[in-house]
2 protein chains.
Amino acid sequence: MASNRSSAGDPAHTLALLWGVPAAPAGGRRGPRQAHSPAEIAAAAIGIADAEGLDAVTMRRVAQELGLSPMALYTYVPGKAELLDLMLDTLYAAMPRTAPADPGWRARAAAVADDNRALYAAHPWTAAVPTTRPPLGPGLMAKYEYELRALEGTGLDDVRLDAALTHLLGFVHTCARMAADERAARQDSAMSDQQWWEANADLLARVLDPARYPVATRVGAAAGQAQGGAYNADHAYEFGLPRVLDGLAALIEQVPDR
Amino acid sequence: MASNRSSAGDPAHTLALLWGVPAAPAGGRRGPRQAHSPAEIAAAAIGIADAEGLDAVTMRRVAQELGLSPMALYTYVPGKAELLDLMLDTLYAAMPRTAPADPGWRARAAAVADDNRALYAAHPWTAAVPTTRPPLGPGLMAKYEYELRALEGTGLDDVRLDAALTHLLGFVHTCARMAADERAARQDSAMSDQQWWEANADLLARVLDPARYPVATRVGAAAGQAQGGAYNADHAYEFGLPRVLDGLAALIEQVPDR
DNA sequence: AGAATCTCTGTACGCCGTACAGTATACACA
DNA sequence: TGTGTATACTGTACGGCGTACAGAGATTCT
């Protein structure tokens with residue numbers, strides 16, 4: 001496997017692909033027309049990922065979905081990494097960009113977080129795409145522009161503005177990864193979190209000596225009970241979002257709120 | 001590929017392996033002794049990951065490192081997922097647990113974050129191990145116990161204590177992932193972030209219309225200049241850690257500090 | 001008409017995790 | 001002490017992956 005990573009191919013080709021710039025210098029193109037568009041490729045791949053998970057997105061499978069032979073895909077996309085880029089940028093481009101100037105920056109920031117969370121919820125595999133460099137396509141740019149605007153007017157300088165957004169999005173991503181992991185664990189062990197704990201209660205009881213791990217066993221039990229499982233992404237989000245906003249608020253502080 | 005994920009195998013076997021509980025019911029074991037210990041397996045695998053990255057950790061490669069045939073590894077470890085569990089738990093077990101009762105919870109929390117960051121720095125691949133459920137071994141338990149204690153005395157109830165720790169560790173993980181991604185991008189494109197931007201300046205200039213993305217281009221340029229690249233994990237950490245701590249402080253608030 | 005250029009197919013290579021069958025080893029028990 | 005049996009380990013093989021490469025067919029330019 002050469003690379004399963006996003007953005008690992010030749011950057012110029014990737015950018016041209018994402019932005020829909022024709023690779024050839026223009027002029028009448030010889031030879032047969034392509035039977036599909038990059039957008040169709042992306043849609044097919046996204047559909048597979050939504051329905052069967054990221055692992056199901058293979059060059060062979062996507063090609064089959066489009067009625068092509070596997071290698072024909074390579075006339076559309078330089079490689080798998082770029083296909084993943086294309087998938088992500090397509091989703092970014094389609095994200096809602098509704099929120100107008102809300103009264104307060106806090107509400108606007110929360111809306112940005114919620115929008116991202118909704119994307120992860122609709123397409124859980126996006127949390128698992130390993131991106132070395134995010135796909136710098138029109139979708140990501142539009143998303144970035146929109147999200148920066150939501151955080152503007154907080155009195156933060158440009159560098160801090162970018163850092164604040166990165167911080168916020170990182171938090172949402174972490175929660176999304178947790179949610180995706182929960183789902184995956186449930187799916188491939190074919191048992192819920194609760195079942196898992198019950199199945200291993202014996203061995204755990206023997207091994208998790210409360211005398212040795214007093215705080216861990218106490219807190220772990222309390223947390224597990226409260227959340228209906230050891231790890232709960234929803235809870236992490238609801239707990240964490242106000243924390244993140246409070247943290248940013250401490251930076252923004254006395255700046256008059258827009 | 002059945003599963004490259006951590007913690008995807010039979011849970012009882014995995015737990016037994018991590019805790020060093022013999023799988024067989026005890027008594028004199030017939031047949032030849034194993035030439036290696038699980039700890040040696042873990043060490044060999046960790047060494048490969050450190051030196052050549054997570055992708056280099058294959059069953060064949062680890063076996064070769066130990067002078068074994070590939071399939072012999074399966075007498076030590078049920079599968080690759082469990083090998084990854086073992087690697088992680090081994091590192092967790094070896095983490096420093098020095099910090100005594102620091103004067104303030106803030107310093108203690110920062111120390112926890114720094115310790116985790118140091119682990120990611122020493123073993124960048126750990127940020128990329130996809131964990132469905134964290135490896136519930138002695139290493140993780142000791143780590144969890146230690147880190148909870150660092151955050152105790154803040155007046156948080158047990159559920160919030162767990163949530164706060166998860167929140168903090170999630171942040172560190174996100175930064176580590178960014179750092180690892182930077183490294184990977186630099187490595188497999190054989191060019192630095194700066195070089196990349198220069199190489200693509202033409203196309204980007206043509207396509208990143210400042211009229212269409214005014215805030216994004218302005219902020220992106222400022223951030224890139226300030227950080228010497230578009231994404232900088234160190235900067236994200238230095239910016240983010242005080243944010244996270246401030247966010248937790250808003251929750252802990254008037255509780256007398258320890 | 002012929003050359004050029006493009007799309008698409010088929011085959012093949014070197015990886016991966018690991019199932020399975022067979023062989024050598026060392027202890028338990030007669 | 002001999003023998004049965006559980007164990008460690010080897011070798012081979014399978015199906016899957018990304019994709020290199022060579023050719024076949026289609027389309028347009030000269």
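If you're wondering where the values come from, they're calculated on a predicted model, not measured in any experiment. Numbered from 1 within each chain, the chains take letters A, B, ... in sequence-line order.
- Between the CG atom of B/Asp55 and the P atom of C/dG17 there is a distance of 10 Å, rounded to whole Å.
- Following rounding to the nearest Å, A/Glu82 (CD) and D/dT19 (C1') show an atom-to-atom distance of 12 Å.
- Using a cutoff of 4.0 Å between basic side-chain nitrogens and carboxylate oxygens, A/Lys143 and A/Asp89 are not scored as salt-bridged.
- We find that B/Glu52 and B/Arg61 are joined by a salt bridge, their nearest charged nitrogen and carboxylate oxygen being less than 4.0 Å apart.
- The distance from atom CD of A/Glu40 to atom P of C/dT7 is 15 Å, rounded to the nearest whole Å.
- Closest contact between the side chain of A/Leu68 and the listed nucleotides D/dA8, D/dT10, C/dC8 involves C/dC8.
- Nearest heavy atoms, B/Leu86 versus B/Leu18: CA-CD2, 3.7 Å.
- Rounded to an integer number of Å, the gap from A/Leu73 CG to C/dC8 P is 10 Å.
- Atom-to-atom, NE2 of A/His36 to P of C/dT7 comes out at 13 Å; the value is rounded to the nearest Å.
- Closest to the side chain of A/Thr75, out of C/dT9, C/dG17, C/dT7, is C/dT7.
- The shortest distance between the side-chain N/O atoms of B/Thr58 and the OP1/OP2 oxygens of C/dC16 is below 4.0 Å.
- A straight line from CZ of B/Arg30 to P of C/dC29 spans 7 Å, rounded to a whole angstrom.
- Closest-nucleotide positions on DNA chain C for B/Arg61 and A/Pro70 were compared, and the one nearer the 5' end corresponds to A/Pro70.
- Of the candidate nucleotides D/dT10, C/dT9, D/dG18, C/dT9 has the atom lying nearest to any side-chain atom of A/Ala72.
- Summary of the strand contacts: A/Gly31 and B/Gln34 both lie near DNA chain D, and taking for each the nucleotide with the nearest heavy atom, the more 5' one is attributed to B/Gln34.
- Of the candidate nucleotides D/dA26, C/dA24, D/dT19, D/dA26 has the atom lying nearest to any side-chain atom of A/Pro32.
- In the set D/dC9, C/dG10, C/dC8, C/dG10 carries the atom at the smallest distance from any side-chain atom of A/Met71.
- Counting only distance, with no hydrogens or angles, the side chain of A/His173 and the backbone of A/Ala127 share a donor-acceptor pair below 3.5 Å.
- We find that CE of B/Met59 is positioned 15 Å from C1' of C/dC15, with the value rounded to whole Å.
- Taking atom OH on B/Tyr74 and atom C1' on C/dC20, their separation rounds to 13 Å, with Å as the unit.
- Evaluation of atom-type donor-acceptor distances gives no pair under 3.5 Å for the side chain of A/Arg60 against the base of D/dG16.
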Let me see the working for A/Glu182 and A/Asn232 under side chain to side chain donor-acceptor pair (under 3.5 Å), right down to the final yes or no. CA-CA 8 Å; A/Glu182 275 173 29; A/Asn232 186 306; 5.5 Å; no
